[in-house]
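Throughout, numbering of the chain's residues begins at 1 and tracks the sequence. Just the heavy atoms: all of them, side chains too, but no hydrogens, waters or symmetry mates, feed the values below.
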Amino acid sequence: MTGFPFFTRKIPSFAKYFGLFCLCFLLAVSCGQRPNASGPTTTPNVATTSSDRLIVGTTLKPRTIDPADAYELAASNVLYSLGDRLYTYKLGTDEIIPQLATELPKISADGLTYTIPLRQGVVFHDGTPFNAKAMAFSLDRFIKNGGKPSSLLADIVESVKDSGEYELTIKLKSPFAPFPSLLAFAGACAVSPKAYEIGPGKFTPTKFVGTGPYKLVEFSPNFIRLDAFDQYWGEKPPNKGIDFQLLSSSANLYNSIRTGAVDIAYQSFDPGQITSLRNQASSGNWNAIEAKGNVISYMTLNTQSEPLNKPEVRQAIASLINRKLLVERILADQATPAFTMIPNTFAVSKPTFQEAYGDGNITKVKELLGKAGFSKEKPLKLEVWYPSGSAVRQQVASTLKEYATQQLEGVVEILPQTVESASFFANIRKGVYQSALVDWYPDFSDPDNYIHPLVSCSKGSAEQGCQEGASKSQGSFYYSDRMNQLIQQQRSEKDPAKRQQIFSEIQDLLAKDVPVIPLWQSKDYAFAKKGLEGVQLDPIQQLPLWEIKKV
């Protein structure tokens, strides 16, 4: 996701409580146990539903479900059920497979032209036939309407044309090896030309007409209802539909699965609630599902600010980070220590920060800071900024402060600093902060999406740092000719083995220059009533609801 990760692909909410509120449920809740350390909770309202539909509880609320403007995690949760893209992922993997395409693209020798054969016999939810003109319309609209994710394609695609009734030809501005993965992005789905318009700002936030296994029946601030699409071209879902129910807090979400008010509870719990639900799963009426996530939490360092413009100071901070402590103390082991920005779900992932600095290596911190001229008498003072609404980041900053105080005898002073979210994200790109704690949610499943959007720079110099480009927007202002060259090389390289070698050098260079410090890789959790089949967490498509059956 371009822009800033913590906003994009993240939080919101939705749900309307339709039907009658259930008196028995209220009584059950009032007599039931309270959530753990989350404080008091209110009783979530419950939607009545038939037994062959799924009720999904969540605190995430889509701002919009227009695929040309949706860029939040909450929206993709819904769009993956409503829309088909040219390509998708084999569940549980990052293997690209055709969806509305019938095979992987034919790529010209110069890597610029993609020819894609399309599936026949597909119709949109409004009955409009799907063909190459409709797919070209959908991608053109994504690019031209100027929505939040539009740059994903606009920066790369030169043109999209129907070169046959069921053949699409896409020309790129420059070679981009992971392009099929980008076409699997939730927002790159086909939409009916009869239901949408092309033009800047022409969005329909509460409407969706695509080709997916479900069609939209209702969208309101508090409720989303999807029905299985009876003319779907592919395998029909084993349930009749999905009712997304918004709960106003994680405490209510916690309570809703414990009392059976929802079939599935997914996003977002705090670590204490996850621990409690996992521990009670064997005696309760639910199952706990855990999977590797692909979200990376990291610290960004402003390479143009004093004294972080000295590489040895940034390396000392990298040595100071004790990931094991953070994961155990703050995240209750619901994450994995990260020693590179590329998650370990990718074969190219290489733990270069562990190789270079270890974990909580106090001896190396003192050695590096000594070379940089810091001591007890002249300590390094490091401001660590985070958004005020993030309890986890507040704990990370506090833990780092405590750890440095205990271990470094005054050589380092960590200064936690917080500000409300809007100012936090606006100020990062202005270079206001020395360091900041943030998350990265990928747009598509390729290692490039963990490197290019974070440390590339389109204009700058080693002396002045990044003046235009991704690393400026992410607050590091990092500029490296070699890094930019490597990023471009891997984006153009078709040979997977050679591309892996390039990513290896990229990760080595990141560990040497330290514009960012990886902290942990997320784990993902969902809780589902016993008696549901097919519940799984996918690292990209999140919770594949079209696979779930009530038995």
Side-chain contact, heavy-atom cut-off 4.5 Å: S349 with I342?
yes
Go through Q354 and D359 one step at a time and tell me if the side-chain hydrogen bond (donor to acceptor under 3.5 Å, both in side chains) criterion holds.
CA-CA 6 Å; Q354 188 173 36; D359 199 31; over 6 Å; no
Straight-line distance of Y386 OH to M299 CE, nearest 0.5 Å:
12.5 Å
Taking 4.0 angstrom as the limit, do K350 and D508 come out as a salt bridge?
yes
Side chain to side chain contact (heavy atoms under 4.5 Å, CB included) between W286 and K530, worked out:
CA-CA 5 Å; W286 63 88; K530 291 179 179 175; 5.6 Å; no
Would you call D52 and K549 a salt bridge, using N to O less than 4.0 angstrom?
no
To the nearest 0.5 Å, how far apart are CZ in R85 and CD in Q99?
5.0 Å
Are any of the side-chain nitrogens in R499 or D446 under 4.0 Å away from the carboxylate oxygens of its partner?
yes
Establish, from distance only, whether the side-chain atoms of Y214 and N239 form a donor-acceptor pair under 3.5 Å.
yes
Taking atom types as modelled and ignoring hydrogens, do the side chains of D439 and S297 form a donor-acceptor contact shorter than 3.5 angstrom?
yes
So, are R278 and D333 salt-bridged, with charged N and O less than 4.0 Å apart?
no
Please work out which of the three classes, parallel, tilted or perpendicular, describes the rings of F185 and F142, given edges at 30° and 60°.
perpendicular
Run the side-chain hydrogen bond (donor to acceptor under 3.5 Å, both in side chains) test on S423 and E420 for me, step by step, so that the C-alpha distance in whole Å, both residues' side-chain angles and the decisive distance to 0.1 Å come before the verdict.
CA-CA 6 Å; S423 297; E420 53 86 20; 2.4 Å; yes
Let me know which of K236, R53, K240 forms a salt bridge (charged side-chain N to carboxylate O under 4.0 Å, His left out) with D227.
R53
Any chance the side chains of S445 and Y89 put a donor and an acceptor closer than 3.5 Å?
no
Any side-chain heavy-atom pair of L54 and I548 under 4.5 Å:
yes
Is a salt bridge present between K292 and D524, judged by a nitrogen-to-oxygen distance below 4.0 Å?
no
Distance col, row L104:CG vs I97:CD1, nearest 0.5 angstrom, shows 9.5 Å
Is there side-chain contact between Q407 and I362, with at least one heavy-atom pair below 4.5 Å?
yes
Donor + acceptor pair across side chains of Q334, T275 (<3.5 Å)
yes
Start with the C-alpha gap between L382 and V384, add the side-chain angles, then the distance that decides, and say whether side chain to side chain contact (heavy atoms under 4.5 Å, CB included) holds.
CA-CA 6 Å; L382 177 67; V384 178; 4.1 Å; yes
So, F219 versus F208, ring centres under 6.0 angstrom or not?
no
For residues E383 and S435, is any side-chain donor paired with an opposing acceptor at under 3.5 Å?
no
What's the verdict on side chain to side chain contact (heavy atoms under 4.5 Å, CB included) for L216 and L226, showing C-alpha distance, side-chain angles and the deciding distance?
CA-CA 5 Å; L216 180 69; L226 315 182; 3.7 Å; yes
Listed by chain and number, what are the disulfide bond (SG atoms under 2.5 Å apart) partners of C189, not counting sequence neighbours?
none
Are D69 and K148 close enough for a salt bridge, meaning some N to O gap below 4.0 Å?
no
E402 and S398 side chains, donor-acceptor separation under 3.5 Å
no
Go through the side-chain N and O atoms of T352 and E355 and say whether any donor and acceptor fall under 3.5 Å apart.
no
Salt-bridge test for E290 and K523: reply yes if a basic N is under 4.0 Å from a carboxylate O, no otherwise.
yes
Please evaluate residues S276 and Q280 with respect to the criterion side-chain hydrogen bond (donor to acceptor under 3.5 Å, both in side chains), reporting the C-alpha separation (whole Å), side-chain torsions for both, the decisive distance (0.1 Å), and the verdict.
CA-CA 6 Å; S276 176; Q280 296 178 57; 2.6 Å; yes
Test log, rule side chain to side chain contact (heavy atoms under 4.5 Å, CB included), inputs I414 and L320
CA-CA 11 Å; I414 301 291; L320 169 64; 4.2 Å; yes
Quick one: are the ring centres of Y266 and F527 less than 6.0 Å apart?
no
Do the side-chain N and O atoms of N252 and S248 include a donor-acceptor pair separated by under 3.5 angstrom?
yes
Should the pair Y450 and F346 be assigned to parallel (<30°), tilted (30 to 60°) or perpendicular (>60°) ring geometry?
perpendicular
Could you state the interatomic distance from CZ (F444) to CD1 (I96), rounded to the nearest 0.5 Å?
10.0 Å
Between Q507 and T340, is any side-chain donor less than 3.5 angstrom from a side-chain acceptor?
yes
What verdict does the side-chain hydrogen bond (donor to acceptor under 3.5 Å, both in side chains) test give for E72 and T64, after you've listed the backbone C-alpha separation in whole Å, the side-chain angles of each residue and the deciding distance to 0.1 Å?
CA-CA 9 Å; E72 294 83 9; T64 174; over 6 Å; no
